[in-house]
Amino acid sequence: MTSKDKRFPLPLSSVVNQKDKSGDRSLNRTAMPQTAMRNAAHHLSGKAAHQTAPRAEPRFSQGGNVGNASNTGTAGLSPSLLSGPLVSEGVRRAMVARVAQQGVRDTTVLAALQAVPRHLFLESGMASQAYVDASLPIGHHQTISQPYIVARMLEIMRNGANLGRVLEIGTGCGYQAAVLSVVAKEVYSIERIKALHELAKTNLRPMRIANIRLHYGDGMLGLPQEAPFDGIILAAAGMEVPQALLQQLRVGGRLVAPVGGRNQVLQLIERVSNYEWTRAVMEQCHFVPLHSGVI
Ligand code: SAH
């Protein structure tokens, strides 16, 4: 990346490979300008967003959110019905309500979840399930994250504050990056599987989100050239959080990551000084594994 690429905001089209012809299927999709997403988020969060008290202490839940998906709402709808903006808004609202019922309180995050059309990140055959609160396959043995956990991680990372520059490890289909783009000023996202990096570009391009930068590479190394970050979020679980990412966190910044193998927990790591980080375990979770290198 050259220094002139670093200015924000830029249309997503300016950072994707212009020669890439794989974006054709996006032409059939409903464009959702990011300004519309932000407006919707603003409208929905309203005054309540400012009432979200910053939580100094991490909450410790009893866990048990894993596999807690509620299957109400969309099962009977055909993909063609869901592609209508009004229908998808309604089922999305129901999904957001279920996420709130599960304990996510941050209205700014809930509004961001409402603003992003999750069905546009799925294969048409899967779109009817887009608003079930579950992770779903996106190919290459990877999944789009469960809306509850996306919201929970963002809530933990924000802690009621406005986010500047954030880094996501594991772009996948680009859904979480789109949600992040509503709550943070600048979003950098890294994916190690080339085909998924391309898929995310294809999915995000028609949305013209100006503040997302997609990178193809090994996220375990972070993006030192763009550091420090106010927040870092991992969408894949390693046995420990990579050192490089801890170093790229701004002092005062918060990193949220699933950690573990078969049994995973969500960890919150805060950088409290140049040489000091604190760690808290938030709840159980289940993510695909974090791998090094690119494919
Ligand atoms: N953020 C996605 C979730 C994708 S699943 C969403 O919105 O739904 C997690 C992703 O992490 C997978 O695409 C996987 O390929 C990617 N991943 C795993 N290890 C990685 C690494 N070291 N660097 C970058 N991406 C990685």
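Just so you know, ligand 1 is whichever comes first in the structure, and atom 1 is the first atom listed for that ligand. Note that the coordinates shown come from a computational prediction; the quantities given were computed from them, not determined experimentally. Residues take their numbers from the sequence shown, with the count starting at 1.
Other members of the hydrophobic cluster containing Y216, listed by chain and number, are V294; membership follows side-chain contacts under 4.5 Å among ILVMFWY residues, whether direct or relayed.
Protein residues with any heavy atom under 4.0 Å from ligand 1: Q142, T143, I144, S145, E168, I169, G170, T171, G172, Y175, Q176, I190, E191, R192, I193, L196, G217, D218, G219, M220, A235, A236, V288, P289, L290, H291.
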Table please: side-chain donor-acceptor pairs of residues 234-242 below 3.5 Å, with sequence neighbours left out.
none

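Every residue two or more places apart in sequence or in another chain that forms a salt bridge (charged side-chain N to carboxylate O under 4.0 Å, His left out) with D230 is listed here: R250.
In summary, E155 and R152 engage in a salt bridge, as defined by a charged side-chain N under 4.0 Å from a carboxylate O.
The line from CG of L122 to OH of Y131 is 8.5 Å long, rounded to the nearest 0.5 Å.
I138 and V288 fall into different hydrophobic clusters, where Ile, Leu, Val, Met, Phe, Trp and Tyr are joined by side-chain heavy atoms under 4.5 Å apart, directly or via other members.
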